[in-house]
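Data first, discussion second: the structure below is written as structure tokens.
We name chains A, B, ... by the order of the sequence lines, and we start the count at 1 in each one.
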Protein chains: 2
Amino acid sequence: MDNNVNQDFMRSVILLRSFSDIQKNMMLFIQRNATENGLTVSQYSILMTIIRHKEITQKVLGEEAFLPKSTLSQAIDGLVKRGLLQRHQVDGNRREVLLSTSKKGVDFIKSIHTQEGGIHQIFQAAVETLTEKQYDDLLVAHLQLSTFLEKYHTEQGGLVSD
Amino acid sequence: MDNNVNQDFMRSVILLRSFSDIQKNMMLFIQRNATENGLTVSQYSILMTIIRHKEITQKVLGEEAFLPKSTLSQAIDGLVKRGLLQRHQVDGNRREVLLSTSKKGVDFIKSIHTQEGGIHQIFQAAVETLTEKQYDDLLVAHLQLSTFLEKYHTEQGGLVSD
DNA sequence: TAAAAACTGTTCCATTCCAAACAGTTCGTT
DNA sequence: AACGAACTGTTTGGAATGGAACAGTTTTTA
């Protein structure tokens with residue numbers, strides 16, 4: 001019988017939906033939160049990524065934020081024009097562009113973090129309903145899944161030949 | 001000291017990133033999987049939602065798939081033109097539209113499910129790296145978070161006044 | 001040290017997305 | 001029944017997205 005096969009399949013579908021539900025719920029908050037602050041979701045991602053680095057090249061930023069370079073280039077343009085980011089040239093490298101947040105940018109990001117009803121506030125409240133153990137287990141399981149998925153990407157498109 | 005406040009905040013940020021990582025990894029697969037089959041991501045979502053119902057109205061479909069009705073209307077148009085979905089009128093209700101999959105649609109969805117290197121195949125392999133307990137705990141924790149987030153939505157925009 | 005290849009970022013444009021305006025239908029009130 | 005409000009789905013128009021072509025820079029190869 002293919003009962004096992006079918007059951008494995010169902011387990012995967014159920015978990016996929018579970019992620020999907022959370023993801024879409026979060027996206028609604030993020031989209032609203034971004035729009036309220038005059039940002040696109042891409043720009044929001046960029047800011048949240050860049051804040052974790054002092055400086056970062058566009059290339060690395062694109063990898064971390066999972067954004068195609070064309071989108072990145074345009075989104076950054078908007079942020080620079082608003083004075084939230086700065087572009088630098090690196091000495092001895094006229095190809096790569098270094099990005100960093102301006103004072104104004106840092107303040108702006110902080111204000112988003114603490115915004116009433118923003119994704120960060122709400123998600124923090126949500127996390128507080130979890131026990132320590134639940135939280136830790138969750139991170140471990142997520143990392144396990146993430147690592148697996150990432151491995152498949154690097155195998156260029158998930159095509160595995162023997 | 002606000003050490004605790006800060007720590008709570010960090011915990012939430014870390015988990016948010018953890019979800020974000022998985023989400024973006026999954027999106028890469030889904031996007032590729034959709035494009036390969038000539039679908040937009042919205043259309044992909046629609047098909048995956050509709051397959052779990054025999055019939056569904058556009059309104060309900062929109063709620064389950066978290067898609068705005070304008071996007072929905074156009075995405076469905078494409079699917080109907082490709083002969084994957086059918087629109088029906090309900091007797092005694094000339095406003096709502098009932099949607100269902102055609103035979104061709106069902107076959108199409110099945111073929112996506114079993115596609116080599118598709119999100120379903122890869123995610124299933126990923127899920128198999130989890131123990132039963134990890135899997136069950138994951139679902140519980142997700143549901144807990146999902147429920148919390150959903151509650152905030154219905155509170156129309158997360159604004160809570162006393 | 002040329003020429004070719006690879007690499008980083010920009011520009012272009014066709015497609016997709018979604019808020020808002022709209023059209024038609026149903027419900028509620030009088 | 002008639003009016004207005006609410007509801008479901010479509011159309012419209014402007015913005016966001018991302019693949020592909022491109023421009024300039026650096027590295028590799030011959």
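Taking atom CD1 of residue Ile46(B) and atom C1' of nucleotide dC17(C), one finds them 12 Å apart after rounding to whole Å. Atom NZ of Lys59(B) is separated from atom C1' of dT25(C) by 15 Å (rounded to the nearest Å). To the nearest angstrom, C1' of dT16(C) lies 14 Å from CG of Leu79(B). When rounded to the nearest whole Å, the span between CD of Glu36(B) and C1' of dG19(D) equals 15 Å. Rounded to a whole Å, the CG atom of Leu72(B) is 8 Å from the P atom of dT10(D). Between Gln89(A) atom CD and dG9(C) atom C1' there is a gap of 10 Å when expressed in whole angstrom units. Between the CG atom of Asp91(A) and the P atom of dT25(D) there is a distance of 15 Å, given to the nearest Å. In this structure, CG of Leu67(B) is placed 14 Å from P of dT16(C), rounded to the nearest angstrom.
Both Ala75(A) and Ile76(B) sit near DNA chain D, but only Ile76(B) has its closest nucleotide nearer the 5' end. Residue whose closest nucleotide on DNA chain C sits further toward the 5' end, between Gln31(A) and Arg94(B): Gln31(A). Between Glu96(B) and Pro68(A), the residue anchored nearer the 5' end of DNA chain D, judged by the nucleotide with its closest heavy atom, is Glu96(B).
Donor-acceptor pairing under 3.5 Å is lacking for the side chains of Asp8(B) and Gln124(A). Side-chain atoms of Gln121(B) and His113(B) form no donor-acceptor pair, as typed in the model, at a separation below 3.5 Å. Side-chain atoms of Gln134(A) and Asp137(B) form no donor-acceptor pair, as typed in the model, at a separation below 3.5 Å.
For Thr71(A), taking side-chain heavy atoms from C-beta onward, the closest of the listed nucleotides dT10(C), dG9(D), dG18(D) is dG18(D). Minimum atom distance to the side chain of Arg95(A) is reached by dC7(C), of the listed dT10(D), dC7(C), dG9(D).
One finds no salt bridge joining Asp136(A) and Arg11(B) here, because no Lys/Arg side-chain nitrogen approaches an Asp/Glu carboxylate oxygen to under 4.0 Å.
Under 4.0 angstrom from either OP1 or OP2 of dG9(D) there lies no side-chain N or O belonging to Lys69(B). Contact check, Thr40(A) against dA15(D): no side-chain N or O comes under 4.0 Å of OP1 or OP2. Contact between the side-chain N/O atoms of Arg32(B) and the OP1/OP2 oxygens of dG18(D) is not found at any separation under 4.0 Å.
You'll find a donor-acceptor pair under 3.5 Å spanning the side chain of Ser70(B) and the base of dA19(C), going by distance alone. The base of dC18(C) sits with one of its N or O atoms less than 3.5 Å from a complementary donor or acceptor on the side chain of Gln74(B).
Asp77(A) comes within contact range of no nucleotide atom at all, as no heavy-atom separation falls under 4.0 Å.
The aromatic rings of Phe19(A) and Phe19(B) sit perpendicular to each other, their planes meeting at more than 60°, with 30° as the lower class boundary.
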